[in-house]
Amino acid sequence: MPGRGGGRGGGAPRERREPPPPGLLVVDKPAGWTSHDVVGRARRLMGTRKVGHAGTLDPMATGVLVLGVERATKLLGHLALDTKTYLATIRLGLATDTDDAEGEPIGDAVDAAGVGDDAVAEGVAALTGEIQQVPSSVSAIKVDGRRAYERARAGEEVRLDARPVTVGRFDVLAARTEGPFRDLDVLVDCSSGTYVRALARDLGAGLGVGGHLTALRRTRVGPFTLAHARTLETLAGEEEQQGRAALSLDLDAAVATAFPRRDADADEAAGLAHGRPLAAAGRPGTVGVFGPDGHVVGLVADDRGSARPVLVLAPAGT
């Protein structure tokens, strides 16, 4: 796919640019691109090598991918991205070896056109709530030091243990018959580590007809939604017009979106900038601390009677 990474072909190299401000870039990832592809493209569009992603998204999937730029890359590991929302299409009537449309069929197609709504609802209910799920064999989980998908694609048999996940919502939005198949458009709210492909596989298996995923779109990860996201085409247009794509959220807005806010006075802000703890915040979890100028200073969390620095984002002298 042309135009994914690196620079433009030919032409004189661009002059060295000043680094962009730190913040988050929320991308509406296109189908067929890996998360690494998107990071490479974002590095060129933002004019910096300091770009990282907060968790991957399958190549076949589209939707919300959160990137950190410059100093905000340090923020990525602290973001609460433990819940996600997806829109997906499940095809009943055929299983594949990857649990999605990119894989090879397992056995022959089964006539699933007659699978009724009540049976589907019962199957969906069994996969909702706190469940034990066996991840897809082409997941990124490491098995003896190698990714499961690497082993599977090399022809090895991959066995993964079931793990607890939470499916808070699994709603069938629409159903239709496509020849022998029954296609279900679904909405899934789930915990991090849940594989929607595995839900498709297990729903089909439970109904006795097989199933796989034909489309997947992530609409939310943590507090970040499609409302924050922009396409690569939009970002490229900004880069052409302005010399650099714009951030989705600067560092202040990113922290304010992702964490509870605590406003500090000048002495407290200066102390945190030097890595010193503050008085206890009196609330659980990580809190974003903002100075009297309205800019974020860092993240703190209560520990042993005080709010200790988790991450200093505006160290003294910057």
Would a distance-only check, ignoring hydrogens and angles, find a side-chain to backbone donor-acceptor pair under 3.5 Å from Q133 to Y195? yes
Between side-chain atoms of residues 299-314 and protein atoms elsewhere (two or more places apart, or another chain), which donor-acceptor pairs fall under 3.5 Å?
{"unit_1": "D302", "atom_1": "OD1", "unit_2": "A281", "atom_2": "N", "d": "2.7"}
{"unit_1": "D302", "atom_1": "OD2", "unit_2": "A281", "atom_2": "N", "d": "3.3"}
{"unit_1": "D302", "atom_1": "OD2", "unit_2": "G282", "atom_2": "N", "d": "2.7"}
{"unit_1": "R308", "atom_1": "NE", "unit_2": "D303", "atom_2": "O", "d": "3.2"}

Show, in sequence, the C-alpha distance, side-chain angles and deciding distance for L127 and L203, and conclude whether the side chain to side chain contact (heavy atoms under 4.5 Å, CB included) test is met. CA-CA 8 Å; L127 295 170; L203 179 61; 3.9 Å; yes
CG of D28 to CG of L232: how many Å apart, nearest 0.5 Å? 8.5 Å
One thing to verify: whether R163 and D161 come together as a salt bridge, which I'm taking to mean a side-chain N less than 4.0 angstrom from a carboxylate O. no
With side chain to side chain donor-acceptor pair (under 3.5 Å) as the test, would you mind laying out the steps for D252 and H295 before giving the verdict? CA-CA 6 Å; D252 297 330; H295 293 304; 2.5 Å; yes
Please collect all salt bridge (Lys or Arg N to Asp or Glu O under 4.0 Å) contacts where either partner lies in residues 198-216, sequence neighbours excluded, each pair once. D99-R201
Residue list, side chain to side chain contact (heavy atoms under 4.5 Å, CB included) with D265, at least two apart or on another chain: D267, E268
For the residue pair R218 and L65, establish whether any side-chain heavy-atom pair is separated by less than 4.5 Å. yes
Main-chain N/O of V124 paired to T128 side chain as donor or acceptor, under 3.5 Å: yes
Are L184 and M60 connected in a single hydrophobic cluster, I mean Ile/Leu/Val/Met/Phe/Trp/Tyr linked by side-chain heavy atoms less than 4.5 Å apart? no
Is the shortest heavy-atom distance from the side chain of V38 to the side chain of R41 under 4.5 Å? no
Before you tell me yes or no, could you show the steps for L247 and L24 under side chain to side chain contact (heavy atoms under 4.5 Å, CB included), namely the whole-Å CA-CA distance, both residues' side-chain angles and the distance that decides it to 0.1 Å? CA-CA 6 Å; L247 292 168; L24 298 182; over 6 Å; no
Could you give the distance from CG (L76) to CG (L67), rounded to the nearest 0.5 Å? 8.0 Å
Considering only residues two or more places apart or on different chains, which pairs with a residue in residues 106-124 satisfy side chain to side chain donor-acceptor pair (under 3.5 Å)? D117-R182
Residue pair R230, S248: steps toward the side chain to side chain donor-acceptor pair (under 3.5 Å) verdict: CA-CA 8 Å; R230 306 202 302 288; S248 303; 3.3 Å; yes
Looking at CD of E18 and CZ of R244, how far apart are the two atoms once the value is rounded to the nearest 0.5 Å? 8.5 Å
Separation between OG1 of T48 and CZ of R43, rounded to the nearest 0.5 Å: 8.5 Å
Got a donor-acceptor contact below 3.5 angstrom from the T73 side chain to the K50 backbone? no
Measuring from T34:OG1 to D58:CG, what's the distance to the nearest 0.5 Å? 11.0 Å
Name all pairs fulfilling the side chain to side chain donor-acceptor pair (under 3.5 Å) condition that reach into residues 76-93, sequence neighbours left out, sorted by first residue then second. T83-R220, T85-D189, T85-R220, T89-D185, R91-D183
Is there side-chain contact between R262 and L278, with at least one heavy-atom pair below 4.5 Å? yes
Do you reckon V172 sits in the same ILVMFWY cluster as I131, going by side-chain contacts under 4.5 Å, direct or chained? yes
Strictly distance-based, threshold 3.5 Å: is any side-chain N or O of T166 a donor or acceptor partner for the main-chain N or O of G168? no
Between CZ of R197 and OG1 of T98, what distance do you get to the nearest 0.5 Å? 7.0 Å
Excluding L94, membership of its hydrophobic cluster (Ile, Leu, Val, Met, Phe, Trp, Tyr; side-chain heavy atoms within less than 4.5 Å) reads F181
